[in-house]
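Throughout, protein chains are lettered first and strands after them, A, B, ... in sequence-line order, and every chain is numbered starting at 1. What's counted below: heavy atoms across the whole structure, side chains too, no hydrogens, waters or symmetry copies. All figures in this text were calculated on a predicted structure; none of them were measured in a lab.
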There are 2 protein chains.
Amino acid sequence: MTDTPASPDLERTDPVRVLLLEDDTPLRERFARILEDWPGGELVAACATLDETLALLRQQPVDLLMTDLNLPDGHGIEAIHLLSKLYPNADAMVISVLADDETVLAAIEAGAVGYLLKDADPFELVESIEELRAGGSPISSSIARILVRRMTAPPPSPSGPPLTPRETEILRGIAKGFTYAELAEWLSISRQTVPVHIKNIYRKLAANNRSEAVYEASRRGLIRL
Amino acid sequence: MTDTPASPDLERTDPVRVLLLEDDTPLRERFARILEDWPGGELVAACATLDETLALLRQQPVDLLMTDLNLPDGHGIEAIHLLSKLYPNADAMVISVLADDETVLAAIEAGAVGYLLKDADPFELVESIEELRAGGSPISSSIARILVRRMTAPPPSPSGPPLTPRETEILRGIAKGFTYAELAEWLSISRQTVPVHIKNIYRKLAANNRSEAVYEASRRGLIRL
DNA sequence: AGGCAAATACCATAAACAGGGTAGACAGAG
DNA sequence: CTCTGTCTACCCTGTTTATGGTATTTGCCT
């Protein structure tokens, strides 16, 4: 099948098998030219539709998928999903104009490791591919901002009535399944004092028992998981 | 105080006040030269130590902090923290050789929106600043890969013993604080059957009571919050 | 100083729970 | 067809909670 079955995996001398998916013909041909000129890889095919791509993926292995997202017959994320499923070691790079949070996050979660906006120039494209093959994630800065926001946003709901430090400690203990006696010994207080704190926790969390309190507390981000 | 109090915030005509923190003198001077030559901003100061930076931040407002991470008297993340606290609208960009997951994620969570490796060339540096001021997150591809990994890794622990659908339902009810009787009515089963399921849940989750079960289940991602 | 809220502590009781054993119905796997 | 796993159901007993009331100490605020 292949020409050089020699070198194992020490040096990636094998050409990278690239599959391109882009429905816009002028753009596809432009990208195809760039990829054909790239010495590091071999353009397996340049598809215009999702179906075509899915069929091709099933027929032959691919190392790198360069794909658009909004396609006439579906969503590029499907191609990424299939790629990840069939060839887990392959990489997927998105080249799209879509930059809304939902789309970007869906693509990343589907397995895309690169994400370029379509205004990227040819040099940037080739450079990005090489970065990607080197283990990096070339991502346009406006796209990267979405990822950063997602990672720093997480304080979901520091809202609600505040818990005293003592109550927070008790709450952690409750989550770990401690009984009155265990909580009392753990905090070095009387066994009879524990239920008082717990009752206050219930009131503040609008809970009526331990499991509901744990549920509410973790939902409100009051305790770590 | 300032020279042009005219234009409000419509157009960012005000120069960007930049603070540089880099302990290595040759590198700091090189960066400082680049920043001074950059027409879009004004280099407030070029610090060599963390203390110096923290003091300066308290004295005067800054729009952009360019910082190293490993410093002789502390960690650059502290500077990012203070910047975010004092001037929430300011941006922080990391320029470091550190690229381990822990450091990168800590920097991002501290509020850094840009992260360049130190091998970036002057052109890339200026370009990155402009992308950052435009609302993007310039991030070196190898750093971005860490973020992508973090976002796609999240299957926290689909591990362990599987719960039957019935047990999952029961578990949700437990989390909501239902009693035996309420669970029985909710699921239209006998009150005596409920504890059997619960007991099985305890066994599978290695829990001994409701709150511990809820804690374990939410920790393992078996129930939504 | 006086007043107030929080945290601490103790007691008592009814309700709920955990865990033990036993067993029938039913579906899917071998 | 038999075996296994699951869901269902019941009983019993000891333990744990939930909740009521009351009181002391500490620290904060007026």
Exercise for review: Could you tell me whether the phosphate oxygens of D:dA18, OP1 or OP2, come under 4.0 Å of any side-chain nitrogen or oxygen in A:R210?
Suggested key: yes
Closest of D:dC10, C:dT8, C:dC17 to the A:R166 side chain is C:dT8
Whole-Å distance, B:L163 CG to D:dT6 C1', equals 13 Å
From the candidates C:dG20, C:dC17, C:dA9, the one with an atom nearest any side-chain atom of A:T193 is C:dA9
A:I198 CD1 to C:dT8 P, in whole Å, measures 13 Å
Check your understanding: For the side chain of B:Y180 and the base of C:dA15, is some donor closer than 3.5 Å to an acceptor across the two?
Key -> no
Of C:dA16, D:dC7, D:dT19, the nucleotide closest to the side chain of B:T179 is C:dA16
Which of C:dA18, D:dC7, C:dA9 is nearest the side chain of A:V196? It is C:dA9
To the nearest angstrom, the CD-C1' distance between B:E212 and D:dT17 comes to 16 Å
**Asked** Is the closest basic N to carboxylate O distance between A:E169 and A:R172 below 4.0 Å?
**Response** no
Tell me yes or no: between the side chains of A:T49 and A:D51, is some donor less than 3.5 Å from an acceptor? no
**Prompt:** Any donor-acceptor pair under 3.5 Å linking the side chain of A:S84 with the backbone of A:I80?
**Reply:** yes
key: Residue-phosphate contact under 4.0 Å: B:Y202 side-chain N/O, C:dA18 OP1/OP2   = yes
B:K199 atom NZ is separated from C:dC17 atom C1', nearest whole Å, by 12 Å
A:I170 atom CD1 is separated from D:dA18 atom C1', nearest whole Å, by 15 Å
For A:Y180, does its backbone N or O pair with a side-chain atom of A:R191 as donor and acceptor, under 3.5 Å? no
With the side chain defined as heavy atoms from C-beta on, B:N208 is closest, among C:dA7, D:dT8, C:dG19, to C:dG19
Is there side-chain contact between A:I198 and A:L183, with heavy atoms separated by less than 4.5 Å? yes
note: A:L187, atom CG; C:dT8, atom P; distance rounded to Å ~ 8 Å
From CG of A:L183 across to P of D:dT16 the rounded distance in Å is 12 Å
Over all strands shown, is B:N200 touching base, sugar-phosphate only, or nothing at heavy-atom distances under 4.0 angstrom? nothing
Of B:P195 and B:P165, the one whose closest nucleotide on DNA chain D sits nearer the 5' end is B:P165
- Query: Counting any heavy atom closer than 4.0 Å, what does B:R191 reach on the DNA or RNA strands: base, sugar-phosphate only, or nothing?
  - Reply: nothing
Picking from D:dA18, C:dG19, C:dA6, the nucleotide nearest the side-chain atoms of A:T164 would be C:dA6
*Looking at B:H197, does any N or O in its side chain come under 4.0 Å of the phosphate oxygens OP1/OP2 on D:dT8?*
yes
From CH2 of A:W186 across to P of C:dT8 the rounded distance in Å is 13 Å
Would you confirm whether B:E185, through its side chain, and B:E182, through its main-chain N or O, come within 3.5 Å as a donor-acceptor pair?
no
So, does B:Q192 get its side chain near the phosphate of D:dA9, meaning an N or O under 4.0 Å from OP1 or OP2? no
